[in-house]
Amino acid sequence: HSTSVSFASQYHADAYYLFRSLCKLSSKELQADIIDESSTTKPVRLFNNLTPTDPTELNSKILSLELILAAMDYCGEAFMSSKFLYLVQHYLCVSLLRNCVSNHTQVAFLSQKIFLVLVYKFKGHLKQDIEVFMSNVFFRVLESQNSSFKQKALVLESLRSLCRDPVLLTQIFLNYDCDFDGMNLYKDIVHMLTKLGGKATSTPNHVKREAEQEFELSLAAMECLVTILRAFLKALGLPAGVDTESNAESAGARIRGML
């Protein structure tokens with residue numbers, strides 16, 4: 001694709017090839033993230049740190065993701081052109097799908113932050129990509145019994161950020177739930193949070209540490225639902241109650257302190 005690309009200036013060309021190189025660099029698999037697909041007897045537990053990782057490779061991946069995040073945060077109109085959209089769809093999205101389920105918390109955290117930027121800035125161009133991402137990363141992590149506490153906590157943090165914006169939630173409902181060919185994305189988000197919110201009382205757990213973590217996740221999910229309601233109330237100019245999001249005693253704040 002790149003061999004037939006023409007650019008408006010040398011700056012555009014440099015930005016294109018640099019961004020592509022960063023996406024490729026961020027896509028390189030770390031040793032701890034390589035999954036033995038031949039094993040069908042033992043489920044793979046995400047965020048498993050048993051396999052050592054080369055610190056240089058890990059730092060290289062983290063740096064590439066940080067630079068990509070900075071580029072996406074401050075990108076201009078040039079990134080909305082077909083040339084750069086091609087990179088976002090065929091290089092960046094592929095990288096994010098891999099890195100959001102990385103065994104390294106910082107890699108997964110940065111990848112999800114980049115995804116949130118894509119949702120805000122590129123949702124009109126990445127409708128199917130966002131749908132795939134939500135199904136294969138967010139919902140899969142929250143539903144899987146093999147997902148760790150940290151992985152579920154990261155996903156809840158990302159959902160909390162999405163749920164704060166009533167305009168974005170409305171656009172998600174209109175673009176997906178109201179589309180006969182699309183998934184019920186808004187409904188699935190609410191259903192997933194509701195399901196997770198009830199787990200603390202519905203699933204007995206005799207291990208104290210796991211029970212505490214499950215309760216924190218359950219409470220954080222319920223706080224996300226409250227965030228949705230409060231966002232729409234504020235958008236309608238109605239009293240939204242006391243905003244407890246910044247409260248250090250909230251489950252979300254405690255989870256953010258653990259990450």
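Values reported hereafter were calculated over all heavy atoms of this structure, with side chains retained and with hydrogens, waters and symmetry mates removed.
Taking 4.5 Å as the limit, every side-chain heavy atom of K123 sits out of range of all side-chain heavy atoms of K127. Side-chain contact check for L193 versus I228: some heavy-atom pair is nearer than 4.5 Å. Between L168 and Q171, some side-chain heavy-atom pair lies under the 4.5 Å cut-off. A heavy-atom distance below 4.5 Å is found between the side chains of M134 and L159. Between Q106 and E66, some side-chain heavy-atom pair lies under the 4.5 Å cut-off. Side-chain contact between L174 and D179 is absent, with no heavy atoms from C-beta onward closer than 4.5 Å. A 4.5 Å side-chain heavy-atom check between M80 and H125 finds at least one atom pair inside the cut-off. No side-chain heavy atom of F84 sits less than 4.5 Å from a side-chain heavy atom of C75.
Using modelled atom types, no side-chain atom of S144 and backbone atom of R140 make a donor-acceptor pair closer than 3.5 Å. One N or O on the side chain of K121 and one on the backbone of D73 form a donor-acceptor pair closer than 3.5 Å. Using a distance-only test at 3.5 Å, with no hydrogens or angles considered, a donor-acceptor pair links the side chain of S158 to the main chain of L154.
In the displayed structure, M183 atom CE is contacted under 6.0 Å by more than 12 heavy atoms of other residues, nucleotides or ligands.
Taking CG of L142 as the start and CE of M192 as the end, the distance is 6.0 Å to the nearest 0.5 Å.
Partners of S27 under the side chain to side chain contact (heavy atoms under 4.5 Å, CB included) rule, at least two apart in sequence or in another chain, are S95, R98. By the side chain to side chain contact (heavy atoms under 4.5 Å, CB included) test, S21 is found to be paired with no residue, residues two or more places apart in sequence or in another chain being considered.
Each of T56, L110, N99 was evaluated against K61; a single residue qualifies, N99, per the side-chain contact (heavy atoms from CB on, under 4.5 Å) test.
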For L87 and L92: C-alpha separation, side-chain torsions, deciding distance, then whether side chain to side chain contact (heavy atoms under 4.5 Å, CB included) applies. CA-CA 6 Å; L87 292 184; L92 181 56; over 6 Å; no
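Aromatic rings from F115 and F138 are positioned such that their centres are separated by under 6.0 Å. Remark: aromatic rings of Y17 and F7 are close, center separation under 6.0 Å. Ring-centre distance between Y91 and F19: not below the 6.0 Å cut-off. Ring centroids of Y176 and Y186 are separated by 6.0 Å or more, keeping the two rings apart.
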